[in-house]
Student: 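Here you go, one structure.
Atoms considered below: every heavy atom in the structure, side chains included; atoms not considered: hydrogens, waters and symmetry mates. Letters go in sequence order (proteins before strands), and every chain restarts at 1.
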Number of protein chains: 2
Amino acid sequence: MDVELADLEAVVALAEALHFGRAADRLHVSQPALSKRIRKLEGRIGGPLLVRRYRDVRLTEAGRLLAERGRHLLRESEATVALSQRAARGEAGRLRIGFGIASILGFLPDVLLRFRRSHPGVQLHLRDMSTPEQIEALAAREVDIGFVRLPVADDRLVVRPVLDERLVLAIGSRSPWNARIGLRSVAAEPFIIIARARSASFYDHAISVCAATGFAPRIVQEANELFTVLSLVGAGLGVSLVPRSAALMHPPGVRFRELTLPQAAWDIAVAWHRDASTVPLVQRFVEMVRAARPPSVKRRLAAAPRTRSVGTR
Amino acid sequence: MDVELADLEAVVALAEALHFGRAADRLHVSQPALSKRIRKLEGRIGGPLLVRRYRDVRLTEAGRLLAERGRHLLRESEATVALSQRAARGEAGRLRIGFGIASILGFLPDVLLRFRRSHPGVQLHLRDMSTPEQIEALAAREVDIGFVRLPVADDRLVVRPVLDERLVLAIGSRSPWNARIGLRSVAAEPFIIIARARSASFYDHAISVCAATGFAPRIVQEANELFTVLSLVGAGLGVSLVPRSAALMHPPGVRFRELTLPQAAWDIAVAWHRDASTVPLVQRFVEMVRAARPPSVKRRLAAAPRTRSVGTR
DNA sequence: GAATCTGATAACTTCCGGTTATGGATGTCG
DNA sequence: CGACATCCATAACCGGAAGTTATCAGATTC
């Protein structure tokens, strides 16, 4: 039907001026140009948009409706273009972020908060996914950024380590405690663990760390949230293996103990699609993640109040 | 900024095909034309809308947003044009109708119902106004159609009589009743009347009819609705003067009596602005009013069940 | 390296939408 | 009542935006 925004602008200007000469001025065209445009538009609409009489131009119903809704359409289209322009500058748009159980506890919330502040026009979509799921989703461009567990070998992706996460032992503070206590010494204790359905890779990793130490844990309880696991440990129901940054939650009645075992490593990296390296939003987000890379978690733990003294009783 | 609907169409087509050649086909233009259009548009947006690689065209965030909201805008604009076209054919739009207390009772509801059925796209705006208010509003084009009391002398308007309404006497059925009873014989009765605030012209008219008969009514009660007036009459609280078509409501316990007095006339006409004679909606509505002009109210009353026998006790 | 796919570029053309000049209908005013 | 003013329509003309066809160039496949 070939009605263009310029036509709507013409009708709107005319609806406001009700005068071809003045409306034409406002549109920065000559009066005959406006007349011709309107006449052509009237042909497409199939009837007059205005009745012209000497010193008395007024809208018909067709013209009134076109002007009324045209005004709205013009505003909308202008806003759309502006939005697209902001997106081109990396100030608007959508950023889909995958993350796993370990990254959520650490610095991610902080980074998200700061990114949202500095990019208020950007929608952040967060999806809780395992590392293999993230790799697939990144490759398929279903997410833009991932927080994956190393090692990752996929040459479609760019991967940059950001956090030296590890598994640590969590023990209730009523348990016997001394500097020498290790994973082997709690082999016989009841074991609490995150549910496998919640994070298969974490679950399997914890089991394999036990296996490397030479025992199979006696699992008495699974929980869907890390916070629940820690509460159960704090209540003295058993021991657990958790990501080191869980200590940042300062769960009452829980002590943490580093594992020397190399298998306890759980290094986190930020990853994105190779082709997305020039996408402004991805660049900006990754910059922010790497700039915000926290001081080593070990140091942060040392600076935190000692959890040991915060018993439940 | 000069982004046109054709540009949005191009982006939308490209977003769906993700292939310049096929998208160009869909738009019925050659591939270079589409490429040029997009390149130009990218200049206005200030960044790429698509990344082109061999056999792999995909949208950027700017492009995705433009296509997504563009789709919506295109639908809207198409609907707007369609609406305007229907308005040009008299199938859509707005019709503002003024009416007074007398016309609302008669055939107006019926006409409105039928008009709404035959013109489902037309919004009817009804405004309750006195005849002088209607004349002003019609002249100022604040309403499109009026139902006014004759005579009207205003050469800006076209006026066509549609209804020979009159005032009739309403008496409670318990009152003494015989064929000879007239307005003069109830001069001493308590008088109920529509509130002057509700319809000054009707009130004044009723008073002047009494004056012409040679008495001033002893008003004991005013009411804002005709229905209330009739209920009070039916309950035996007094007599009243009402428009003849009020009898069509068949209020219980009320009898009606024609007045021979010429001053009791209250002729209703449909009126519109002289310049609006060619407006499709006005034409159609007036046609329908005049075609639907009811058989004389007198005859309709005769056909109705006798109200006399429907007493309250 | 030949063939194919696909978007970009170049050269040319068409015609839409602009311009200026003027006409003609309808008021106003001396 | 005739001269003048207002204001939209029409006519004639013009330039450039956007289309066309032909061709190029990079990527990939075999």
Student: Apply side chain to side chain donor-acceptor pair (under 3.5 Å) to residues B:Gln31 and B:Ser35 and explain how you reach the verdict.
Tutor: CA-CA 6 Å; B:Gln31 171 262 311; B:Ser35 286; 3.1 Å; yes
Student: Using a 4.5 Å cut-off on heavy atoms from C-beta on, say whether the side chain of A:Arg69 contacts that of A:Leu8.
Tutor: no
Student: Under the rule for salt bridge (Lys or Arg N to Asp or Glu O under 4.0 Å), what residues qualify as partners of B:Arg53, not counting sequence neighbours?
Tutor: A:Asp275
Student: Between B:Arg26 and B:Glu9, does any NZ, NE, NH1 or NH2 come within less than 4.0 Å of an OD or OE carboxylate oxygen?
Tutor: no
Student: In whole angstrom, give the distance that lies between atom CG of A:Asp2 and atom P of C:dC16.
Tutor: 10 Å
Student: Please tabulate, one pair per line, all N/O donor-acceptor pairs under 3.5 Å involving side-chain atoms of residues 278-287 of chain B, not counting sequence neighbours.
Tutor:
| unit_1 | atom_1 | unit_2 | atom_2 | d |
| --- | --- | --- | --- | --- |
| B:Gln283 | NE2 | B:Ser277 | O | 3.2 |
| B:Arg284 | NH1 | B:His119 | NE2 | 2.8 |
| B:Arg284 | NH2 | B:Arg89 | O | 2.9 |

Student: Please collect all ring-ring contact (aromatic ring centres under 6.0 Å, His included) contacts where either partner lies in residues 12-53 of chain A, sequence neighbours excluded, each pair once.
Tutor: none
Student: Tell me the interatomic distance from A:Leu41, atom CG, to C:dC16, atom P, rounded to whole angstroms.
Tutor: 16 Å
Student: Quick one: side-chain contact (heavy atoms from CB on, under 4.5 Å) partners of B:Ala139, sequence neighbours excluded?
Tutor: B:Arg156
Student: Test of understanding: with salt bridge (Lys or Arg N to Asp or Glu O under 4.0 Å), list the residues that count as partners of A:Arg149, not counting sequence neighbours.
Tutor: none
Student: Nearest whole Å is fine: how far is D:dC24 C1' from B:Arg52 CZ?
Tutor: 17 Å
Student: Using a 4.0 Å heavy-atom cut-off, write out nucleotides 25-30 of chain D from 5' to 3' as B (base contacted by protein), S (sugar-phosphate only) or - (no contact).
Tutor: -BBS--
Student: Can you name the side-chain contact (heavy atoms from CB on, under 4.5 Å) partners of A:Ala23, sequence neighbours left out?
Tutor: A:Ala13, A:Leu14, A:Ala17, A:Leu34
Student: Of the residues in residues 18-29 of chain A, which ones touch DNA chain D at a heavy-atom distance under 4.0 Å?
Tutor: A:His19, A:Phe20, A:Gly21
Student: Are any of the side-chain nitrogens in B:Arg39 or B:Glu42 under 4.0 Å away from the carboxylate oxygens of its partner?
Tutor: no
Student: So, using side-chain hydrogen bond (donor to acceptor under 3.5 Å, both in side chains) as the criterion, who are the partners of B:Arg58 when residues are at least two apart?
Tutor: B:Asp56
Student: Using the test side-chain contact (heavy atoms from CB on, under 4.5 Å), find all partners of A:Leu124 that sit at least two apart in sequence or belong to another chain.
Tutor: A:Leu95, A:Ile97, A:Leu112, A:Phe115, A:Arg116, A:Val122
Student: Could you check which residues of residues 30-40 of chain A get a heavy atom under 4.0 Å from DNA chain D? Sort them by number, please.
Tutor: A:Gln31, A:Pro32, A:Ser35, A:Arg39
Student: Let me have DNA chain C in dot-bracket notation, would you? Count Watson-Crick plus G-U wobble pairs, both distances under 3.5 Å, and use [ ] for pairs crossing earlier ones and | for inter-strand partners.
Tutor: ||||||||||||||||||||||||||||||
